[in-house]
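Notes follow the structure.
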Amino acid sequence: MTALGDIGHLLFTADLWHATLAAAVLLLLPALGGVVSERSGVVNIAMEGMMLTGAFFAVAADLIVHNPWLAALVAILAGGVMALVHAVVAIRFRADQIVSGIAINIFATGITVFLINRFYGLQDVGHVPPAELLPNLQIPLLDQIPFVGRVLFQQNVVVYVALILLVVIHVLLFRTRLGLRIRAVGEHPEAADTAGIHVYRIRYGAVISSGLLSGLSGAFLAIGISNTFVPNMTDGRGYIALAAMIFGKWTPFGAFIACLIFGLGQAIYDNNSIIHVSQYLLSMLPYILTLVVLAGLVGRAQPPAADGIPYTPGIE
Amino acid sequence: GTSGTPAASPTKTIKVGLVTDIGGLNDKSFNHLAYLGLTKAKTDLGIQGDVTESHTGDDYIPNLTNFASKNYDLVIGVGFLMQQAIGTVSGQFPSVHFAIIDGVGTDANGNDLKHSNVESLVFKEQDAGALVGTISGVLEKDGLTPKKSHKISAVGGVSIPPVNHYIAGYKWAAKMQDPTVKVLVGYSNDFTDPAKCSGVANSQISQGADILFQVAGGCGLGVLQAAGQAKVYSIGVDADQKSADSSVIASALKRVDVATYDAIKAVKDGNFQSGAVTFSLQNDGVGYQADNITLPADVMAAVQDMTTKIKAGTLTPPADIPDPTVP
Amino acid sequence: MAASTTSAGRRAPAPLIPSIRRAVRALAVRLGSVVFAFLLGAVIVAATGGNPVAAYQALICGGFGLLCTGGENAGLQISNTVVFLTPLIMTGVAVALPFRAGLFNIGAEGQLIVGAIACTAVGVHFATLPTAVLLPLVLIAGMAAGACWAGVVGVLKATTGAHEVVTTIMLNYVAQWLLRYLIIGGPLQLKNGFSVSSPIGAGAHLPRLLPNSNTLIIFGLPASVYRIHTGLLVALAAAAIYAFVLWRTAFGYEVRAVGQSQKAARYAGVSVRRTIILTMLVSGAFAGLAGAVQIAAVDHNLTDKYFADTTGFDAIAVALLGLGTAAGIVLAAILFGALHAGGAVMQADAGISGNLVYVLQALILFSIAANFLRSLKLRLPAIGRATGTPAAEVPATAAVAEVRAALHDDEGIA
Amino acid sequence: MSAELGAAAPLAVEMRQIVKIFPGVVANDHVDFEVRQGTIHALVGENGAGKSTLMNILYGLLHPDSGEIRIHGQPVRINGPRDAIALGIGMVHQHFMLIPVFTVGENIMLGREPVRPGGFYDHRRAREEIAALSRRYGLVLDPDARMGDLPVGLQQRAEIVKVLYRGAEILVLDEPTGVLTPQESQELFGVLRGLVREGKTIIFISHKLKEVLEVSDRITVMRRGKVAGHLITKETNEAEIARMMVGRDVLLRVELKPARPGPVALRVEDLSATSDRGVPALRALSFELHRGEILGVAGVEGNGQSELVEVLAGTRQPTAGRIALQDRDITELDAARVRAAGVAHIPEDRRGAGLVLNYSVAANLILGHQRDAAFAWRRMVLRLQAILEWARRLIAEFDIRTPSPETPARTLSGGNQQKVIVARELGARPTVLLAAQPTRGVDIGAIEFIHRRIVAERDEGTAVLLISAELDEIRSLSDRIAVLYEGRIVSIEPGNAPEDRLGLLMTGGTATPGGG
Ligand SMILES: Nc1ncnc2c1ncn2[C@@H]1O[C@H](COP(=O)(O)OP(=O)(O)OP(=O)(O)O)[C@@H](O)[C@H]1O
Ligand SMILES: Nc1ncnc2c1ncn2[C@@H]1O[C@H](COP(=O)(O)OP(=O)(O)OP(=O)(O)O)[C@@H](O)[C@H]1O
Ligand SMILES: [Mg+2]
Ligand SMILES: [Mg+2]
């Protein structure tokens, strides 16, 4: 009971929600990537790998160029390159998209550590000094607002970017011509093709952007939240993002809500030093919560009709 | 006891195999330190040293067996998690020397098998913990900490002995110096992911903690950084982590590298010691290192006093935390 | 219905021949892809200044005990490989079966863990029972636990429509934390200061193939180092059962029908819900069995190794690599088991980071899934015509259907 | 529109010596095909004759292995639909290219969407465009309706508007009337004539020779991938075309022995049900079906036919009412039990509900019977040998054109796909046969065959419920005709009821009961 009391208390602290939002954004970026990719009909379970690659190159680059912005850019591109591989294999070679995704994830695990061992020897990758990390931004005035200011306007720069991207991607998907075409390609590529739309171009674009977003998330993880790379540091977040995307029924805001649930769970867990309950049971919280919500409220999710189906022009 | 193995003839190069636990060589923690010890031995003692990283717990036995079956002179298992594996394999290869860091060779029931070919390198982390605990306690008492909050904290990786020893000593010593101090203890349940630890750290910081002790290997780097961003103090672990973040005021040292080196040297010199070799303040196997700030005189004095008392045995830091969740 | 009733399960001679030819062709293509992947891997090693030949030599040595230079013991290497591949077969099946029904089971890991937990709990609690009773009991306990864990997924999918990818991922984490809770301070903990459980009773041990003795010397090493155990037979049996259920039973027919077209299945009077739930139950039982066998045959107690275990995820790769067929899964498991075992030797002998193994696994998956070789052939129409398999062209109908499409040759007469 | 005028006109489309080979099939074998500007040109042939393939080549979806194409006299290379569209070619595909979850507007605009600055999709202009087209061609559509919610007739209409919106000069319609009611077909023909009057050129594929004769100027007949001949509509007749298509004389109308109705096989009382969209589809409808008779159900698509069959087949639960099979209440039974009780079902959605496309023909021939004693030992273990023999028998008996029983059903032409289903359902020797659109999109050869089998079934004493959008089909087969309108049976007519009377009843017109 005391445990619930402790948690109840926490829920009224701005710090908790501050942490929640940050943790959520880490998942939101790859989740958004997933939404875009799968809306175009390419199943993407490779966010984990793209994120990990992004994290590695963010640190590697930052240690060389000593500039977080450039480093983030490199990370984004690295994620994009991984996505490009997924795209080529899944679109051009019409491989099974799950196999390709799994392969990307395994590849990322291996190649990052392999590269560390090759280039940093068996030494420590090194630490990025605070001045060269992606900074926290206090939004002047707004950050003074009690509670809200702390929660929303004292965040890492990436958080703001992600929230903007959230809106942008929602609008893009559901209000613009490009969005219409992306969804058309994901629902019925033959129809899109016969209507004169470049199915492959759209899919390549969508998949690659999912990599860019995941790469950014990797940068946030490695040179925003932490200051170095450690093997496998993404630790399954890409898969959680995948779950969040489906939980959110392939919509940006739906995914965001799911990410908030996980973020909140993480944030509450982080307080295990003051919550009087087994830390292990505490950690189960977000996952069980998700199961309940999913079973109880969300229910059936309908993926894009052509999600996961390679398109072969001409063959009906 | 001592094993009767004759000194290896100087002509034959000694072969040493190092098996990391799942943390891997880049864990920025004891696996890495052990590797440094091995490399030093390679250069100084001209031995042949090979490494195998374990990717899952399933790898411990095969990796150890692999070296043993090739008649390596010494096979080193890094980490508490490998106790059972060492126990098993050492039984299969009585003629091969084994060393395990942070543990002993056990059977399935966790009993020390006391094999004559196993040297267990155990550390009194609590001694080191007590020293940094003293530093924290005095700073708090003198109100020299960023928030003067009389609250300090520790972030553990997983709640296992090597981790809890540190924290126990830390908590004990801090309270001794400043009875009013509250010590928050949290766990990240992770040894590799800095984000996890910085999360725990941030929560402790928002609870008022202004000195944070990381005991979570690579994950713990997140603690040091979180402290830096919040402009509070932090304490590193195992190695001197001064460079990891400017917030690091001291590091609790655990000389895994030294232990590893010594174990190898012993085998080379033919005086391999079976049974537990304890590294404590006594033999400088553990210690501390003051980092980015210069500690005031009374702090140094207190630390000095604590050191002598522990060495003299008049004070013995506890090895366990009764209940981590009670600050 | 007037149809002559001949003995069950006998396959007509006519279709047999082509299916064998197909199988052989398929295998040849896959082998080509693996070789292709290794060539790519060699390029990476060389590009980063390593020596591919040495690397692969060590890898093969570690995997199959061949071409060893570092004085490795062939028997030991093979035994290690087998120990690694045993659980991969069972979990591979646990992933492949739902694939057939159009379900993506990412949860084999969680199901394996609860299987291991149940096996241990029973094995510890009834430690005194004799083998004849206890061994079956712990294995069944493991299967039951896995079945329940996956059953939840099936029921949620069938009733509320909750997506199995989400629920399985969630349940993986729940299982993980449950395990930590149980063996660190929880009811199964050995004793304070340990992150392992008490050992299961001797009666619950699944015997090894060679005597577990430190004194008896076989191939120059104490017999106890060869951990190869009877669990292998269990695994092979599991694969065989899988194949039989899938191709020779009405249930298998219905599972595949549901996976191919739920509507058609429904019109044919197949209860899609029932099939989904049953499929998950069976699948979970396989994964749970993998966990139970691991405890009963190898570990004998729950250890912290499961905090970082990846068997259930490798299983996805194995299942897909094996194209969901029993034989394919076994072969893929052998490949992955050998790579796993070989990686260690490669690092020890050739000084190439064991992580290269992951890179290789990925490259293999890529080249088999994408079948680069075929598309190379298609460049040259002449050859393309000769071997082009229209089956692979058939458009599929669900996220996982590509597997089936690739499998299409294997969609036998029933 | 007259053939003479057509003769004067220049060639809009010329396809010369087109060859297209698919694994195992020569779909187009040196096909010569030309269409005159401003005419309606019909393309007919059996299933799998190569019509769709030829047109897909014209539209750039498939690439010919050899041969050349000229549009308006210019040699062209058509690498994809984009090229085709640029050349003013538009195509309405045999299987609709519509996105159910999109609105009608979005579907029509797709590929040529109106945008506001910033690339935002412009709903208002979309509506205007569609309104304009509707006015011009009299094709009324609600731009904001969800495509999936429209009846096929309107979806068909949307497909045509889609093509017109792209300003196509040459329109290809692949089996446009396959799913239309007679009324809808007539409207369509009106539109086509209008388009031709505007100088547009139309290629029209159909299996319904009546329509072909009614609407086209010229006819090209294909058989087994080759051109069997070119005809001028005015100078030919159904029988001649049919002979050219099939290569033999075809009975266009089965001659019925008078039915010898037996006892009641199926009694339906006050049956009500709702559609997928939850609106009432069946309103307390009752009827009796006797053994040895064919009861035709006539009605405009969307008046409850589909729901009626599904409820009777046990794939949809009724909201009220009772169904008795030979005095046994089967209202609550699920599909499997209904089937077991002796009800066979030829579903209207051939590819979706009738077949598992990736399954072999043999596997499809036991779909729904996989647990029958004959095919499964102890209802569990399949008897592969028995299944294979069973398949061989049906393939022979029903003349299913397939390389082997192992061939995936997907690769069969629709006609043969349909034969697989018919064979399976009749092979079960049912008490009651529910036949929904049994010959939709099937070539006349197959139609004749299927009709004969259904009648034979009747004569064996099976009770047949025949649902079809083809009045001809209903009238030529039925002993009695139940007219379905808005979920009710408005009248039960004799099998020989005049077409116009039925048409009237089907559209809700009240007519004095004609007995029966
Ligand atoms: N994508 C394809 N792959 C392989 N074979 C094909 C493909 N498309 C068509 N065919 C073959 O080519 C032949 C002609 O097909 P086509 O669709 O042109 O027939 P059709 O005249 O349109 O028949 P229907 O009247 O049923 O539409 C068929 O027998 C089929 O087997
Ligand atoms: N993947 C494929 N492989 C082989 N043949 C195919 C494939 N897809 C389609 N076909 C062939 O293409 C031809 C046209 O297919 P489609 O479905 O358009 O015709 P259909 O099924 O005969 O339709 P309908 O009978 O209503 O005219 C069919 O004869 C079919 O055999
Ligand atoms: Mg066609
Ligand atoms: Mg067709």
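Since the structure is predicted, the reported quantities are computational estimates derived from the model, not experimental observations. Naming: A, B, ... by sequence-line order, numbering from 1 per chain.
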Of the non-hydrogen atoms in [X] and [Y], which two are nearest, and what is the gap between them?
{"X": "B:Gly91", "Y": "C:Asn214", "value": "O-ND2, 3.3 Å"}
{"X": "B:Leu81", "Y": "C:Ser195", "value": "CD2-OG, 4.2 Å"}
{"X": "C:Gly193", "Y": "B:Pro161", "value": "O-CG, 2.9 Å"}
{"X": "C:Ala308", "Y": "B:Ile22", "value": "CB-CD1, 3.5 Å"}
{"X": "B:Glu53", "Y": "C:Ser353", "value": "OE1-OG, 4.3 Å"}
{"X": "C:Phe194", "Y": "B:Phe80", "value": "CA-CZ, 4.2 Å"}

message: I'd like to check the ring-ring contact (aromatic ring centres under 6.0 Å, His included) partners of C:His229; sequence neighbours left out, ordered by chain and number.
response: none
Anything under 3.5 Å between a donor and an acceptor, one on a side chain of residues 173-181 of chain C, the other on a protein residue two or more places apart or in another chain? List them.
unit_1, atom_1, unit_2, atom_2, d
C:Gln176, NE2, C:Tyr306, O, 2.8
C:Gln176, NE2, C:Phe307, O, 3.3
C:Arg180, NH1, B:Asn189, OD1, 3.4

- request: Just do the side chain to side chain contact (heavy atoms under 4.5 Å, CB included) check on B:Asp50 and C:Gln347 with the steps written out, would you?
  value: CA-CA 8 Å; B:Asp50 298 315; C:Gln347 182 166 29; over 6 Å; no
- prompt: Do we see a donor-acceptor contact under 3.5 Å between the side chains of B:Gln84 and C:Asp299?
  reply: no
message: Less than 4.5 Å to any heavy atom of chain B: does that hold for the side chain of C:Val345, its backbone, both, or neither?
response: both
query: Which bit of C:Asn355 is near chain B, if near means a heavy-atom gap under 4.5 Å: side chain, backbone, both or neither?
result: both
Quick one: pull up [atom1] in [X] and [atom2] in [Y] and give me the separation to the nearest 0.5 Å.
{"X": "C:His300", "Y": "B:Thr88", "atom1": "NE2", "atom2": "OG1", "answer": "9.0 Å"}
{"X": "C:Ile184", "Y": "B:Tyr187", "atom1": "CD1", "atom2": "OH", "answer": "10.0 Å"}
{"X": "B:His55", "Y": "C:Thr310", "atom1": "NE2", "atom2": "OG1", "answer": "10.0 Å"}
{"X": "B:Thr52", "Y": "C:Asp349", "atom1": "OG1", "atom2": "CG", "answer": "8.5 Å"}
{"X": "C:Asp304", "Y": "B:Ile160", "atom1": "CG", "atom2": "CD1", "answer": "7.5 Å"}
{"X": "C:Leu221", "Y": "B:Phe93", "atom1": "CG", "atom2": "CZ", "answer": "5.0 Å"}

Side chain, backbone, both or neither: which part of [X] has an atom under 4.5 Å from a heavy atom of chain C?
{"X": "B:Val89", "result": "neither"}
{"X": "B:Leu18", "result": "neither"}
{"X": "B:Phe67", "result": "side chain"}

- prompt: Taking atom NZ of B:Lys114 as the centre, does the number of heavy atoms from other residues, nucleotides or ligands within less than 6.0 Å exceed 12?
  reply: no
message: So if I take each residue of residues 73-82 of chain C and look for any heavy atom under 4.5 Å from a heavy atom in chain B, which residues do I end up with?
response: C:Leu76, C:Gln77, C:Asn80
message: B:Asn109 vs C:Asn301, test: side chain to side chain contact (heavy atoms under 4.5 Å, CB included). Steps then yes/no.
response: CA-CA 9 Å; B:Asn109 286 307; C:Asn301 62 354; over 6 Å; no
- prompt: Got B:Ser69 and C:Val225 here, is their nearest side-chain heavy-atom distance under 4.5 Å?
  reply: no
Please tabulate, one pair per line, all N/O donor-acceptor pairs under 3.5 Å involving side-chain atoms of residues 55-70 of chain C, not counting sequence neighbours.
unit_1, atom_1, unit_2, atom_2, d
C:Tyr56, OH, C:Phe38, O, 2.6
C:Tyr56, OH, C:Ala42, N, 2.9

statement: Ranked by heavy-atom pairs below 4.5 Å to chain B, first place among C:Ser224, C:Ser198, C:Ala223 goes to C:Ser224
Looking at [options], which makes the most heavy-atom pairs under 4.5 Å with chain C?
{"options": "B:Gly57, B:Ala68, B:Gly110", "result": "B:Gly110"}
{"options": "B:Ser54, B:Gly17, B:Ala319, B:Ala108", "result": "B:Ala108"}
{"options": "B:Ile61, B:Asn63, B:Asp59, B:Val158", "result": "B:Asp59"}

- prompt: Are C:Arg227 and B:Asp58 ion-paired here, with the side-chain N under 4.0 Å from a carboxylate O?
  reply: no
task: Could you walk me through whether C:Lys191 and B:Asn111 pass side chain to side chain contact (heavy atoms under 4.5 Å, CB included), step by step?
output: CA-CA 11 Å; C:Lys191 50 187 159 184; B:Asn111 308 320; 3.2 Å; yes
